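Atoms considered below: every heavy atom in the structure, side chains included; atoms not considered: hydrogens, waters and symmetry mates. Not measured: the values here are computed from a predicted model.
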Amino acid sequence: MSEKVRQIQEALQNAPELLAGKKVAAGFDGFVDSIVKVVNYKTESAGTVFFRTIGEFGSYISSKSGSGFSLESEELVQKLGGNMPIMANAMAGMGTSVNCVGAFGVPHVAPAFAGMHGNCMLYSYTNPGFTTAMEFADGKIMLAQMTDLNHADWLIIKQTIGLANLKAIFGTADLVCLVNWSELDHSNSMWQGLLTDILPGILSGQKQFFFDLSDCSKRSHEAILSAIKLIEQFGTYGKATLSLNRNEANILYKTLITDTPPADLQAIGNKLFTTLAIDTLIIHNAKISIAWDSNGTHVSEPAFIADPKISTGAGDNFNAGYCMGKLLGLATGECLILANATSNIYMNTGDSPGIAALTNYFSAQ
């Protein structure tokens with residue numbers, strides 16, 4: 001057993017004591033997810049055969065160019081969605097209380113969120129979006145309908161939730177998680193609102209801030225630059241961590257450095273970390289997770305899962321595991337290991353793991 005795993009096991013054993021009194025605030029998205037597989041063909045002998053890979057699906061679509069065609073999907077489950085609700089629900093299941101400011105439905109919370117963990121307190125400012133998540137063995141395609149989300153900004157949040165409530169939620173939190181920046185048209189307005197209306201006057205340097213941009217392919221160069229500047233400003237009030245997958249890291253590299261990112265993930269991160277004025281940078285994919293901080297570079301390789309039960313939400317569970325590690329007082333390298341374990345258990349079982357499941361996972365190492 002490695003020393004890092006021993007440290008994680010000790011922290012998990014002491015989690016109730018370590019988490020007592022910790023406050024987490026999270027924002028600002030909210031979706032209802034329909035998880036589907038796309039039908040390739042049907043036969044009497046084989047039954048329904050689904051597209052296995054995105055490449056296979058893409059080739060089929062390309063072959064239909066110039067003509068109309070239809071696709072059939074089979075829904076596996078409809079569940080709560082959005083980066084923040086999934087991440088918050090996972091953290092709540094590990095034993096911490098999370099105040100969630102998001103799109104859960106107005107005037108009543110949508111049924112999909114009724115099953116969120118009891119440790120989550122929901123503050124809703126608009127109706128959720130709806131996502132059809134097409135899952136394949138090598139990734140997923142997300143088709144999002146934004147409904148009211150694209151019309152909601154910081155002013156709407158203040159009017160709906162109330163400034164006093166927002167100050168209590170975010171101003172007193174030990175950890176603030178701001179995720180899915182890319183899918184909210186007014187996300188920069190929301191982040192700027194926290195910087196302008198909530199954080200001034202609090203004790204600087206005491207908070208942890210965790211950011212995930214999500215897939216920002218559709219966002220402009222200017223909007224991405226503005227988001228990065230805002231993230232750096234949060235560092236005035238504490239330690240800022242930015243988590244990216246490979247696609248997001250490439251986009252950020254092209255935005256900040258040059259149009260041609262290197263093939264090597266560590267080379268991308270080395271350059272990004274020296275460019276960004278943040279405390280920790282994380283880049284992760286299915287094969288490797290790397291983090292950069294003032295103590296150097298940290299690497300963790302997740303177990304390979306050939307046929308996951310579910311992949312939508314795996315990144316959110318990774319982020320939840322990392323943040324839980326920080327709340328438990330673990331070092332960055334240990335947090336990466338805990339993040340990969342959380343994601344792996346989720347992908348294998350379809351459920352976010354609690355402390356007991358994580359303890360069993362590391363006991364088997």
Side-chain angles (χ1 to χ4, degrees), residues 29-87 89-90 103 110-113 115 127-147 149-150 179-180 182-184 212-219 245-248 250-251 284-287 302-318 343-352:
D29 69 328
F31 287 82
V32 176
D33 283 352
S34 172
I35 312 297
V36 306
K37 288 188 177 295
V38 184
V39 175
N40 187 349
Y41 60 88
K42 297 179 179 180
T43 66
E44 290 186 5
S45 58
T48 300
V49 177
F50 301 102
F51 288 101
R52 178 166 173 76
T53 67
I54 292 177
E56 183 184 18
F57 182 52
S59 296
Y60 177 84
I61 293 175
S62 295
S63 72
K64 301 295 183 180
S65 177
S67 64
F69 66 101
S70 65
L71 291 167
E72 179 183 348
S73 63
E74 185 173 305
E75 185 175 75
L76 305 181
V77 65
Q78 189 171 121
K79 58 188 282 291
L80 66 92
N83 295 154
M84 182 273 287
I86 295 174
M87 181 181 178
N89 203 51
F113 302 102
N127 289 310
F130 186 87
T131 299
T132 301
M134 297 184 288
E135 295 205 338
F136 304 90
D138 59 343
K140 56 185 180 288
I141 299 173
M142 313 284 279
L143 300 178
Q145 301 173 46
M146 302 306 292
T147 64
L149 267 173
N150 279 344
V179 296
N180 207 1
S182 67
E183 288 198 303
L184 305 180
D212 190 319
L213 297 177
S214 190
D215 181 7
C216 41
S217 303
K218 66 182 179 183
R219 299 299 293 267
N245 65 23
R246 177 58 188 261
N247 174 53
E248 295 150 11
N250 282 343
I251 293 170
H284 60 98
N285 61 21
K287 296 181 178 179
F304 176 70
I305 302 174
D307 190 20
K309 186 170 183 178
I310 190 171
S311 60
T312 301
D316 305 316
N317 274 265
F318 175 93
S343 180
N344 285 351
I345 295 171
Y346 172 80
M347 292 174 72
N348 274 320
T349 67
D351 294 316
S352 298

Next item on the list: Could you tell me whether a side-chain N or O of Glu135 sits under 3.5 Å from a main-chain N or O of Ser311, the two making a donor and an acceptor?
Entry: yes
Next item on the list: Answer yes or no: is there a donor N or O on one side and an acceptor on the other, between the side chain of Asn317 and the main chain of Gly313, under 3.5 Å?
Entry: yes
Next item on the list: Sort out for me which residue in Asn40, Val39, Thr48 forms a side chain to side chain contact (heavy atoms under 4.5 Å, CB included) with Glu72.
Entry: Val39
Notebook entry, point to check: With distance as the sole test, does Ser63 use its side chain to make a donor-acceptor pair with the main-chain N or O of Tyr60 at under 3.5 Å?
Noted result: yes
Margin query: Using only atom types and a distance under 3.5 Å, with no angle test, would you say the side chain of Asp215 pairs donor to acceptor with the backbone of Ser217?
Written below: yes
Check: For the side chain of Asp29 and the backbone of Val179, is there at least one donor-acceptor N/O pair under 3.5 Å apart?
Finding: no
Next item on the list: Supply the atom-to-atom distance Asn127 CG to Met146 CE, rounded to the nearest 0.5 angstrom.
Entry: 12.5 Å
Margin query: Here's a test for you: under ring-ring contact (aromatic ring centres under 6.0 Å, His included), which of Phe136, Tyr41, Phe57 qualifies with Phe51?
Written below: Phe57
Note to self: Just verifying a value: how many Å separate Lys79 NZ and Ile310 CD1, rounded to the nearest 0.5 Å?
What the structure shows: 5.0 Å
Item checked: Least distance between heavy atoms, Ala110 atom then Pro128 atom -> CB-CG, 4.3 Å
Notebook entry, point to check: With side chains defined as the heavy atoms from C-beta onward, is the minimum distance between Met134 and Phe50 less than 4.5 Å?
Noted result: no
Item checked: Contact summary for Thr132 and Val36, nearest pair of heavy atoms -> CG2-CG2, 3.9 Å
Check: What is the distance from atom OG of Ser70 to atom NZ of Lys64, rounded to the nearest 0.5 Å?
Finding: 9.0 Å
Item checked: Closest contact, heavy atoms only, Ile54 versus Asp138 -> N-OD1, 2.9 Å
Next item on the list: Please name the pair of heavy atoms, one in Gly82 and one in Asp316, separated by the smallest distance, quoted to 0.1 Å.
Entry: O-OD2, 4.3 Å
Note to self: I'd like to check Ile251 versus Arg219 (side-chain heavy atoms, cut-off strictly below 4.5 Å). Are they in contact?
What the structure shows: no
Next item on the list: Check whether any side-chain heavy atom of Asn245 lies under 4.5 Å from a side-chain heavy atom of Glu248, and answer yes or no.
Entry: yes
Check: Below 4.5 Å, heavy atoms only, C-beta onward: do Ser182 and Leu213 meet side chain to side chain?
Finding: no
Note to self: I need the minimum non-hydrogen distance between Gly30 and Leu149, along with the two atoms involved.
What the structure shows: O-CD1, 3.6 Å
Margin query: Is there a side chain to side chain donor-acceptor pair (under 3.5 Å) between Asp351 and Thr349? Walk through the geometry before answering.
Written below: CA-CA 5 Å; Asp351 294 316; Thr349 67; 4.8 Å; no
Margin query: Please give me the minimum heavy-atom distance between Asp33 and Gly81, naming the atom from each residue.
Written below: OD2-CA, 3.3 Å
Check: Is Ser65 reaching over with its side chain to a backbone N or O of Ser62, donor-acceptor style, under 3.5 angstrom?
Finding: no
Next item on the list: To the nearest 0.5 angstrom, please state how far the CG atom of Leu76 sits from the CD1 atom of Ile35.
Entry: 7.5 Å
Check: Once the angle between the rings of Phe318 and His284 is folded into 0 to 90°, is it parallel (under 30°), tilted (30 to 60°) or perpendicular (over 60°)?
Finding: parallel
Next item on the list: Quick one: pull up CZ in Arg52 and CG in Asp307 and give me the separation to the nearest 0.5 Å.
Entry: 6.0 Å
Check: Rounded to the nearest 0.5 Å, how far apart are CD of Glu183 and CZ of Phe31?
Finding: 4.0 Å
